[in-house]
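First comes the structure, then the notes that go with it.
In what follows, every chain begins at residue 1, and chains take the letters A, B, ... in the order their sequences are listed. Just so it is clear, the values below take in all heavy atoms, side chains as well, and ignore hydrogens, waters and symmetry mates.
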There are 2 protein chains.
Amino acid sequence: MNDAIQLRSPASTDLNAIFAALADPTRRAIVARLVDSDATVAELMQPFSISQPAISKHLKVLERAGLVSRGRDAQRRPCHLEAQPLAEANAWLERYRAVWEENFSRLDLLLESMKSEPLKAGRKTGKRRKTSQR
Amino acid sequence: MNDAIQLRSPASTDLNAIFAALADPTRRAIVARLVDSDATVAELMQPFSISQPAISKHLKVLERAGLVSRGRDAQRRPCHLEAQPLAEANAWLERYRAVWEENFSRLDLLLESMKSEPLKAGRKTGKRRKTSQR
DNA sequence: TATGTATATAACCATCTGGTTATAAAAGAA
DNA sequence: TTCTTTTATAACCAGATGGTTATATACATA
């Protein structure tokens, strides 16, 4: 995936849109709803007290992030949840699993992450491991 | 975690800030850098061609999301990566693992997610699985 | 054809974001 | 004290975001 320094790789751009899309509770609720089944705009609108255009805007954000695709059924434009962007976001977070799981030591994580995906953000000139004590 | 319908639960608010913080490539790179070790603002600034105040702003966003905590070492304010928000974001995505892993069927996922965390976004009045024809 | 239904678009608004430059503040060093 | 280093804050800007209302479009049906 190659994140870190060069900020404009296509994959990185995707992650921008994906995380941004997930940063809104209405959109997360829409994603949650679509796990169950495809749904029309009207159906997605139902649980919320916001206008239909607002929902359409949210759907466009989800579409741009690749999280939702649209079909066509007469006037309706049924929404379908796409898996891949969720997998991408998960993959990014997965690299830091060791941070929140106590099984690994910091050093283990470093080696682990270098093996799977060279982070190369470092350039740690001084490499002070304990810059302070918090 | 209780997401979906009521949009302003504290946990939901956290996810907003967490995902929003991760939606920027500079901030994701900072997170990646901090996995290795704590770092000062100057150290974090180094790989980027943006100003120091810009970095300070990014750090404030990460702090608000709980992803980074700050220490004190003379003039320096070393940054430390906090695990919990990453775990929270991961936990949210984890609920949809079955969506991108073909092992589960859709129905399996539904049961799975209901067991672990009642989604209750549905209110599926008609429970039409295929919105396409009606 | 006219009407109703489902969705999208336009125009607008307030607020947030990500950047800038200039300046302030905090702390060690001379 | 004065200078230097490190970080934060203020003021500003352009553009995005999330909402609104009003209107247009696309299609089905009476």
Side-chain angles (χ1 to χ4, degrees), chain A residues 7-8 12-13 15-30 34 38-65 67-80 125-126 128 131-132 134, chain B residues 7-8 12-13 15-31 34 38-65 67-80 125-126 128 131-134:
Chain A
L7 305 181
R8 287 299 151 192
S12 163
T13 299
L15 275 184
N16 295 351
I18 294 164
F19 280 127
L22 296 180
D24 182 277
T26 301
R27 290 194 292 262
R28 284 198 306 277
I30 287 175
L34 289 178
D38 292 2
T40 66
V41 176
E43 288 167 342
L44 292 174
M45 194 171 62
Q46 208 180 217
F48 305 104
S49 49
I50 61 178
S51 65
Q52 172 264 312
I55 295 288
S56 280
K57 278 193 180 182
H58 281 305
L59 289 174
K60 194 168 283 184
V61 172
L62 289 166
E63 251 187 301
R64 279 208 332 254
L67 278 157
V68 155
S69 59
R70 314 293 301 268
R72 167 65 78 180
D73 167 31
Q75 309 102 357
R76 269 138 269 140
R77 308 291 318 278
C79 300
H80 175 78
T125 41
R128 63 181 71 124
T131 339
S132 89
R134 352 171 302 96
Chain B
L7 306 181
R8 287 299 152 192
S12 163
T13 299
L15 274 183
N16 295 351
I18 294 165
F19 280 127
L22 297 180
D24 183 277
T26 302
R27 289 193 292 261
R28 284 199 304 278
I30 289 175
V31 167
L34 290 177
D38 293 1
T40 66
V41 175
E43 287 168 342
L44 292 174
M45 193 171 65
Q46 209 179 216
F48 304 103
S49 49
I50 62 179
S51 64
Q52 172 263 313
I55 294 289
S56 279
K57 278 194 180 183
H58 282 305
L59 289 174
K60 194 169 283 185
V61 172
L62 289 166
E63 251 187 301
R64 278 207 334 253
L67 278 158
V68 156
S69 59
R70 314 293 301 269
R72 168 66 77 179
D73 167 30
Q75 310 101 356
R76 269 137 270 143
R77 305 291 318 280
C79 300
H80 174 78
T125 41
R128 60 183 72 113
T131 0
S132 308
Q133 80 298 10
R134 44 165 290 180

How far apart are the C-alpha atoms of B/H80 and B/R70, what are their side-chain angles, what is the distance that settles it, and do they pass the side chain to side chain contact (heavy atoms under 4.5 Å, CB included) test? CA-CA 6 Å; B/H80 174 78; B/R70 314 293 301 269; over 6 Å; no
Length of the CG-C1' vector between B/L62 and C/dT17, whole Å: 14 Å
Sub-3.5 Å pairs of nitrogen or oxygen atoms, protein against nucleotides 25-27 of chain D:
from, atom 1, to, atom 2, distance (Å)
D/dC27, O2, A/Q75, NE2, 3.0

Side chain of B/V41 - closest among D/dT17, D/dT7, C/dT7: D/dT7
B/V41 versus B/R77, closest heavy-atom pair with distance: CG2-O, 4.4 Å
Between D/dT20, C/dG19, C/dG18, which nucleotide has the shortest distance from any of its atoms to the side chain of B/R27? C/dG18
For the side chain of A/R77, counting heavy atoms from C-beta on, which of C/dG19, D/dT17, C/dT7 is nearest? C/dT7
By side chain to side chain donor-acceptor pair (under 3.5 Å) - contacts of B/S51 (at least two apart): none
Under the rule for side chain to side chain donor-acceptor pair (under 3.5 Å), what residues qualify as partners of B/Q75, not counting sequence neighbours? none
Once you round it to whole Å, what is the distance between C1' of C/dA25 and CZ of B/R76? 16 Å
Which residue in the set A/C79, A/P78, A/S56 passes side chain to side chain contact (heavy atoms under 4.5 Å, CB included) when paired with A/L44? A/C79
Just compare C/dT17, D/dG19, D/dT7 and give me whichever is closest to any side-chain atom of B/A42. D/dT7
Could you pull out all residues at least two apart from B/A20 that satisfy side chain to side chain contact (heavy atoms under 4.5 Å, CB included)? A/A23
Is there a side chain to side chain contact (heavy atoms under 4.5 Å, CB included) between A/L22 and A/L67? Walk through the geometry before answering. CA-CA 9 Å; A/L22 296 180; A/L67 278 157; 4.1 Å; yes
Expressed in angstrom and rounded to an integer, what is the separation of A/M45 atom CE from D/dT20 atom C1'? 15 Å
Find every protein N or O atom lying less than 3.5 Å from an N or O atom of nucleotides 9-14 of chain D, and list the pairs.
from, atom 1, to, atom 2, distance (Å)
D/dT9, OP2, B/K60, NZ, 2.7

Whole-Å gap separating C1' (D/dT6) and CD (B/E43): 12 Å
Is any side-chain heavy atom of A/N16 closer than 4.5 Å to one of B/P25? yes
Atom CG of B/L59 and atom P of C/dT17: how far apart are they, to the nearest Å? 15 Å
Expressed as a whole number of angstroms, how long is the span from B/I50:CD1 to C/dT17:P? 15 Å
Nearest-Å distance for atom pair CZ/C1', residues B/R28 and C/dG18: 15 Å
Working note: A/T40 + A/D73, criterion side chain to side chain contact (heavy atoms under 4.5 Å, CB included); need CA distance, chi angles, decisive distance, verdict. CA-CA 9 Å; A/T40 66; A/D73 167 31; 5.9 Å; no
Please tabulate, one pair per line, all N/O donor-acceptor pairs under 3.5 Å involving side-chain atoms of residues 57-65 of chain A, not counting sequence neighbours.
from, atom 1, to, atom 2, distance (Å)
A/H58, ND1, A/R27, NH1, 3.1

Considering only side-chain heavy atoms of A/D24, which listed nucleotide, C/dT7, D/dT7, D/dG18, is closest? D/dG18
Indicate whether OP1 or OP2 belonging to D/dG19 is found under 4.0 Å from a side-chain N or O atom of A/S51. no
Nearest-Å distance for atom pair CG/P, residues B/L44 and D/dT7: 9 Å
For D/dT17, take OP1 and OP2 only and decide whether either is under 4.0 Å from a side-chain N or O of A/H58. no
